[in-house]
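None of the values given here were measured: they were computed from a predicted structure.
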Amino acid sequence: MSKSILLLHGPNLNLLGARQPEVYGSMTLDAINAAVERRVAAFGVELRSAQSNHEGELVDRLHEARCWADGVVFNPGAYTHTSVVLRDAITAIELPVIEVHLSNIHGREGFRHKSLLAGVCLGQVAGFGWHSYVLAADALLRQWEYLRD
């Protein structure tokens, strides 16, 4: 049985490649989506990606994922530190969610050290640039036993 992943990107990530490349890298969002798609396609896994700058739309995408996805790779951007609504949505969908960050949020400003979402996610990958997304997808593949140690 084949699996499906929602690759969800939060606010300002549509500006990747142009926005603070010294922090977030020079790879565009489309290029990141393509890299993750290549990785999971090798295992017959379907990937659907979406990005929004609006909290409610991210909630809607998570809710919709209940009907078709087997897991979520999610970079909530700055909502990581502020959104109880996204935390509740992650809890409600009952899917494994991996929280992703391009930068090491624990090595940045103090307000970025706290994730309101981490406690309801399967795990968190941060600090590896665009590779964080591939590592998060690999975590889901391992969870489903597509990858073994």
Rounded at 0.5 Å granularity, tell me how far [atom1] in [X] sits from [atom2] in [Y].
X: Asn75; Y: Ile98; atom1: CG; atom2: CD1; answer: 13.0 Å
X: Thr82; Y: Leu117; atom1: OG1; atom2: CG; answer: 8.5 Å
X: Leu13; Y: Gln51; atom1: CG; atom2: CD; answer: 6.5 Å
X: Leu135; Y: Arg39; atom1: CG; atom2: CZ; answer: 9.0 Å
X: Arg38; Y: Leu47; atom1: CZ; atom2: CG; answer: 11.5 Å
X: Asp138; Y: Tyr146; atom1: CG; atom2: OH; answer: 13.5 Å

Would a distance-only check, ignoring hydrogens and angles, find a side-chain to backbone donor-acceptor pair under 3.5 Å from [X] to [Y]?
X: Asn53; Y: Asn12; answer: yes
X: Tyr79; Y: Glu55; answer: yes
X: Thr80; Y: Gly77; answer: yes
X: Glu46; Y: Ile5; answer: no

Plane angle bin for His81 and His101 - parallel if under 30°, tilted between 30 and 60°, otherwise perpendicular: parallel
Val72-Val85 co-clustered via ILVMFWY side chain contacts under 4.5 Å: yes
Validation row: [X], [Y] side chains within 4.5 angstrom (heavy atoms):
X: Gln124; Y: Ser115; value: yes
X: Ile90; Y: Leu62; value: yes
X: Leu141; Y: Val45; value: yes
X: Thr28; Y: Leu16; value: no
X: Leu102; Y: Met27; value: no

Please find the pair of heavy atoms, one from [X] and one from [Y], that lie closest to each other, and give the distance.
X: Asp70; Y: Lys3; result: OD2-CA, 3.2 Å
X: Ala137; Y: Val40; result: CB-CG1, 3.9 Å
X: Ser103; Y: Ala126; result: O-CB, 3.7 Å

Under the side chain to side chain donor-acceptor pair (under 3.5 Å) test, residues paired with Asn33 that sit two or more places apart: His9, Ser49
